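For the single chain, residues carry numbers from 1 onward in sequence order. These numbers come from a predicted model, not from an experiment.
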Amino acid sequence: MEPWICVTCGVQHPQARQPPRACAICEDERQYVPVEGQGWTTLPQMRADGYRIELRGLEPGLTGVGVVPVFGIGQRALLVRTAGGNLLWDCVGYLDDDAVEAVRALGGLDAIAVSHPHFYGAMVEWSRAFGSAPIWLPTADRAWVLRPDRAIRWWEHEAEPLRGLRLIQCGGHFDGSAVLHWPEGSGGRGALLVGDTAHVVADRRHVSFMRSYPNHIPLPAQEVIRVADAALRLTFDRVYGAWWDRVIAEDGQRALRRSADRYVAAVRA
């Protein structure tokens with residue numbers, strides 16, 4: 001038996017002889033079930049279908065981790081390398097032996113942290129491939145963990161999974177939606193890894209905030225203020241979103257504040 005992976009969101013489910021009846025994450029209003037119905041795959045099937053992991057160096061100490069061809073929601077993860085160890089921020093729905101060896105060549109994996117349930121991917125597979133690396137997840141999103149594992153470490157409000165890396169619970173998209181602060185990023189000016197907690201938009205000078213991105217359900221103004229205030233307690237210059245090239249290269253703090261103000265003004269108009 002193999003764990004089943006939802007084709008739509010890329011999140012892995014427990015081992016079973018038959019695929020699940022439904023994916024709870026996709027049936028939630030923040031995601032969606034395709035018109036043609038729910039689809040399922042497994043890691044062996046994905047390997048047979050030619051999927052692979054692509055690694056891209058983004059800046060010193062930071063490597064992007066994506067799936068080729070695009071799978072599920074299409075996000076890429078981020079491998080943050082520090083003197084205190086390596087952390088995978090967010091996850092993808094695929095893993096193979098070549099990817100494990102490539103990450104080992106970069107120093108391995110000491111912890112995993114995920115911004116929100118849509119990016120849980122194959123986090124248990126990634127953890128087990130690196131000696132059951134701890135998976136840091138907010139307690140507020142516990143109900144969305146579809147494949148429980150002993151490696152999961154629950155946290156609330158704020159946590160430090162590795163020395164110098166801080167997780168901040170911002171809420172908004174999900175109750176536990178989080179960001180990761182990497183002080184060494186952007187040449188020591190600090191980087192904020194936001195996942196979908198604050199979505200870097202096409203102009204790469206702003207972010208936006210939604211309850212549901214595919215269904216275009218906005219967040220209330222007060223929620224956006226809360227998300228922005230939580231993130232802006234940190235010092236950072238660069239903002240990394242959840243997809244390739246969705247990066248605000250500089251002046252990220254002012255960009256986040258400007259974006260929150262713009263959003264609030266629009267929904268209160």
Got a second to check how far Gln38's CD is from Tyr32's OH, nearest 0.5 Å? 10.0 Å

In terms of hydrophobic clusters joined by side-chain contacts under 4.5 Å, are Phe119 and Leu43 together? yes

Taking atom CD as the centre, does Gln18 end up with more than 12 heavy-atom neighbours from other residues, nucleotides or ligands that are less than 6.0 angstrom away? no

If you define the side chain from C-beta out and look only at heavy atoms, does anything of Ile73 sit under 4.5 Å from Gln31? yes

Glu250 CD: over 12 foreign heavy atoms closer than 6.0 Å: no

Pair Asp251, Phe236 - check side-chain contact (heavy atoms from CB on, under 4.5 Å), show working. CA-CA 8 Å; Asp251 205 20; Phe236 57 93; over 6 Å; no

To the nearest 0.5 angstrom, please state how far the OG1 atom of Thr139 sits from the NE2 atom of His157. 8.5 Å

Following the transitive rule for hydrophobic clusters with a side-chain heavy-atom cut-off under 4.5 Å over Ile, Leu, Val, Met, Phe, Trp and Tyr, establish whether Phe71 and Trp40 coincide in one cluster. no

Please round to the nearest 0.5 Å and tell me the distance separating atom CG of Leu137 and atom CZ of Arg142. 10.0 Å

Can any side-chain N or O of Ser259 pair as donor or acceptor with the backbone N or O of Ala255 at less than 3.5 Å? yes

To check you understand the geometry: which heavy-atom pair defines the closest contact between Ser212 and Arg30, and what is its length? OG-O, 3.3 Å

Is a side-chain N or O of Asp96 found less than 3.5 angstrom from the main chain of Ala99, in a donor-acceptor match? yes

Distance under 6.0 Å and angle within 45° of ring axis: Arg76 vs Trp243: no

Between Arg211 and Glu29, does the side-chain contact (heavy atoms from CB on, under 4.5 Å) criterion hold? Intermediate values first, please. CA-CA 9 Å; Arg211 175 170 174 81; Glu29 67 177 358; 2.5 Å; yes

Can we call the ring centroids of Phe209 and His173 under 6.0 Å apart? no

When the ring planes of Tyr51 and Tyr94 are compared, do they come out parallel, tilted or perpendicular, using 30° and 60° as the limits? tilted

Taking C-beta and beyond as the side chain, do Leu232 and Leu256 meet within less than 4.5 Å on heavy atoms? yes

Nearest 0.5 Å please: distance from the CG atom of Asp237 over to the CD atom of Gln253. 8.5 Å

Exam field: side chain Asn86 to backbone Leu106, donor-acceptor pair closer than 3.5 Å: yes

Heavy atoms only: give me the nearest Ala140-Gln169 pair and the separation to one decimal. CB-NE2, 3.8 Å

Check whether Tyr120 and Leu95 end up in the same hydrophobic cluster, where Ile, Leu, Val, Met, Phe, Trp and Tyr are linked by side-chain heavy atoms less than 4.5 Å apart. yes

Distance-minimising heavy-atom pair for Pro138 and Val114: CD-O, 4.4 Å

Are Trp144 and His118 close enough that their ring centres sit under 6.0 Å apart? no

In terms of heavy-atom contacts, Ile135 and Ser127 come closest through CD1-CB, 3.7 Å

Is it true that Leu167 and Tyr240 fall in one hydrophobic cluster, defined by side-chain heavy atoms closer than 4.5 Å? yes

Checking Arg81 against Thr63: is there a side-chain donor and acceptor pair closer than 3.5 Å? yes

Where do Leu193 and Val179 land on the side-chain contact (heavy atoms from CB on, under 4.5 Å) test, with the steps shown first? CA-CA 6 Å; Leu193 284 52; Val179 297; over 6 Å; no

What distance do Glu156 atom CD and Trp154 atom CH2 have between them, rounded to the nearest 0.5 Å? 11.0 Å

Within the supplied structure, the quantity of interest is the number of heavy atoms (other residues, nucleotides, ligands) at a distance under 6.0 Å from Arg254 CZ; does it exceed 12? no

Taking CG in Asp203 as the centre, count heavy atoms belonging to other residues, nucleotides or ligands within less than 6.0 Å. Is the count above 12? yes

Which value, rounded to the nearest 0.5 Å, describes the distance between Met210 atom CE and His216 atom NE2? 6.5 Å

Do the side chain of Arg56 and the main chain of Glu54 share a donor and acceptor less than 3.5 angstrom apart? no

Report the residue from Val80, Asp90, Leu78 that forms a side-chain contact (heavy atoms from CB on, under 4.5 Å) with Leu180. Val80

I'd like to know if Ile248 and Ile168 are part of one continuous hydrophobic network [Ile/Leu/Val/Met/Phe/Trp/Tyr, side-chain heavy atoms within less than 4.5 Å]. yes

Treating Arg52 as the side-chain partner and Asp98 as the backbone partner, does any N or O pair qualify as donor plus acceptor under 3.5 Å? no

Search all heavy atoms of Ser186 against all heavy atoms of Glu59 and return the closest pair with its distance. N-OE1, 2.8 Å

Donor-acceptor pair between Asp261 and Tyr263 side chains, under 3.5 angstrom: no

For Leu87 and Thr82: C-alpha separation, side-chain torsions, deciding distance, then whether side-chain contact (heavy atoms from CB on, under 4.5 Å) applies. CA-CA 8 Å; Leu87 180 141; Thr82 76; over 6 Å; no

